[in-house]
J.: 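One structure follows; several queries about it will come next.
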Amino acid sequence: MSIRPILIHPDPRLKKVAAPVPEVTAELRRLADDMLQTMYDAPGIGLAAPQVGVLERLIVMDAVKEEGAAPRPMALFNPEVTWTSDEMNVYEEGCLSIPEQYGEVERPESVRVKWMDVDGKSQEEEFNGLWATCVQHEIDHLNGKLFIDYLSPMKRQIITRRMQKLKREKARA
Ligand code: K1U
Ligand code: ZN
């Protein structure tokens, strides 16, 4: 397993629609393991393959937040939302591709998601609360959408300029 570099916004690869995974190969299982290690190292609660420069439909997440609770690392290939609740929830989201910037995003409180697991088996589950927010944020990444796309054009521009500055500074260091 290895930690992969995370792309920082703005990057054209973060705006592309990722391709469906026809089958789970050994290479994709290794990518899922690397993404989980990268996510825990960051630290974060989710990560999508485009964030490590791979334009395929794979997300990982672990949104267990109770102190001392067992971790629940998940890898979801071709995740699809099959149902959304009418109740909405506002959460102040962050993104590992937009470090140290946060914004309130409103999304359905609960969602059902269908996906293919690492063994190629079809799975479906309802996610609530932080898990629901996280899985929707990650699926957005597969469709080239970032949480800042839900913010006002003014806030989006301010955050994008901060990230351009951060990237210039990193390139100089
Ligand atoms: O996709 C990503 O960029 C990961 C992102 C996921 C996410 C966060 C908040 C709401 C929705 C989705 C992160 O994990 S940002 C870091 C973060 O939220 C966190 C970090 C340490 C502990 C707890 C949370
Ligand atoms: Zn993100």
Side-chain angles (χ1 to χ4, degrees), residues 1-18 21 28 31-81 84-85 87-113 115 125-151 155-160 162-164 166-167 170:
M1 278 206 288
S2 54
I3 292 167
R4 301 199 183 199
I6 296 174
L7 300 181
I8 301 299
H9 165 75
D11 186 298
R13 289 165 287 182
L14 294 172
K15 300 305 295 171
K16 296 234 162 81
V17 176
V21 169
L28 284 168
L31 172 64
D33 284 345
D34 286 356
M35 284 171 57
L36 279 165
Q37 198 187 6
T38 304
M39 177 192 83
Y40 285 123
D41 177 73
I45 57 171
L47 192 68
Q51 293 181 276
V52 292
V54 179
L55 290 172
E56 296 197 78
R57 300 188 82 81
L58 165 61
I59 65 173
V60 298
M61 54 181 190
D62 183 350
V64 169
K65 54 176 190 246
E66 298 80 20
E67 188 96 344
R72 191 186 178 205
M74 298 188 77
L76 291 71
F77 295 88
N78 302 331
E80 268 175 60
V81 174
T84 59
S85 63
E87 300 90 68
M88 303 293 282
N89 186 35
V90 176
Y91 192 87
E92 185 160 61
E93 298 192 13
C95 180
L96 297 175
S97 294
I98 312 176
E100 290 170 34
Q101 308 300 314
Y102 304 91
E104 286 192 344
V105 179
E106 186 179 41
R107 301 182 188 271
E109 154 76 21
S110 303
V111 288
R112 274 195 84 75
V113 177
W115 73 93
E125 191 176 315
E126 183 175 322
F127 293 97
N128 303 292
L130 183 58
W131 281 93
T133 297
C134 185
V135 76
Q136 292 175 80
H137 175 116
E138 300 312 329
I139 292 173
D140 272 355
H141 273 301
L142 302 182
N143 295 322
K145 191 162 184 171
L146 301 172
F147 84 86
I148 55 170
D149 295 327
Y150 294 93
L151 308 181
K155 281 187 186 159
R156 189 159 60 243
Q157 192 185 62
I158 290 168
I159 291 176
T160 299
R162 282 185 192 146
M163 291 300 101
Q164 285 166 329
L166 175 76
K167 287 176 79 166
K170 275 190 172 183

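Worth saying up front: this structure is predicted, and the values here are computed from it rather than measured. All ligand and atom numbering here is 1-based and tracks the order in the structure. What you see below is based on every heavy atom in this structure, not just the backbone, and it leaves out hydrogens, waters and symmetry mates.
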J.: Could you tell me if Ser97 and Gln51 have a donor-acceptor pair between their side chains, going purely by distance under 3.5 Å?
T.: yes

J.: Side chain to side chain donor-acceptor pair (under 3.5 Å) with Thr84: which residues, sequence neighbours excluded?
T.: none

J.: On the ring face of Tyr150, is Lys145 found with NZ or CZ under 6.0 Å from the centre and within 45° of the axis?
T.: yes

J.: Salt bridge check, Arg107 against Asp140: does any charged N sit closer than 4.0 Å to a carboxylate O?
T.: yes

J.: Using 4.0 Å as the upper bound for N to carboxylate O, is an ion pair formed by Arg72 and Asp62?
T.: no

J.: Considering only NZ, NE, NH1 and NH2 on the basic side and carboxylate oxygens on the acidic side, decide whether Arg162 and Glu100 come within less than 4.0 Å.
T.: no

J.: Parallel, tilted or perpendicular: which describes the rings of Trp131 and Phe127, with under 30° parallel and over 60° perpendicular?
T.: parallel

J.: Any protein N/O atoms within less than 3.5 Å of an N/O atom in ligand 1? List the atom names and distances, or say none.
T.:
| from | atom 1 | to | atom 2 | distance (Å) |
| --- | --- | --- | --- | --- |
| ligand 1 | 1 (O) | Gln51 | OE1 | 3.2 |
| ligand 1 | 1 (O) | His137 | NE2 | 3.2 |
| ligand 1 | 1 (O) | Glu138 | OE1 | 3.0 |
| ligand 1 | 1 (O) | Glu138 | OE2 | 2.6 |
| ligand 1 | 1 (O) | His141 | NE2 | 3.4 |
| ligand 1 | 3 (O) | Gln51 | NE2 | 3.0 |
| ligand 1 | 3 (O) | Leu96 | N | 2.7 |
| ligand 1 | 14 (O) | Ile45 | N | 2.7 |

J.: Mark yes when over 12 heavy atoms from residues, nucleotides or ligands other than Lys167 sit less than 6.0 Å from its NZ; otherwise mark no.
T.: yes

J.: Output all residues satisfying salt bridge (charged side-chain N to carboxylate O under 4.0 Å, His left out) with Lys15, sequence neighbours left out; order by chain, then residue number.
T.: Asp149

J.: For the Zn ion (ligand 2), which protein N/O/S atoms are closer than 2.8 Å?
T.: Cys95 SG, His137 NE2, His141 NE2

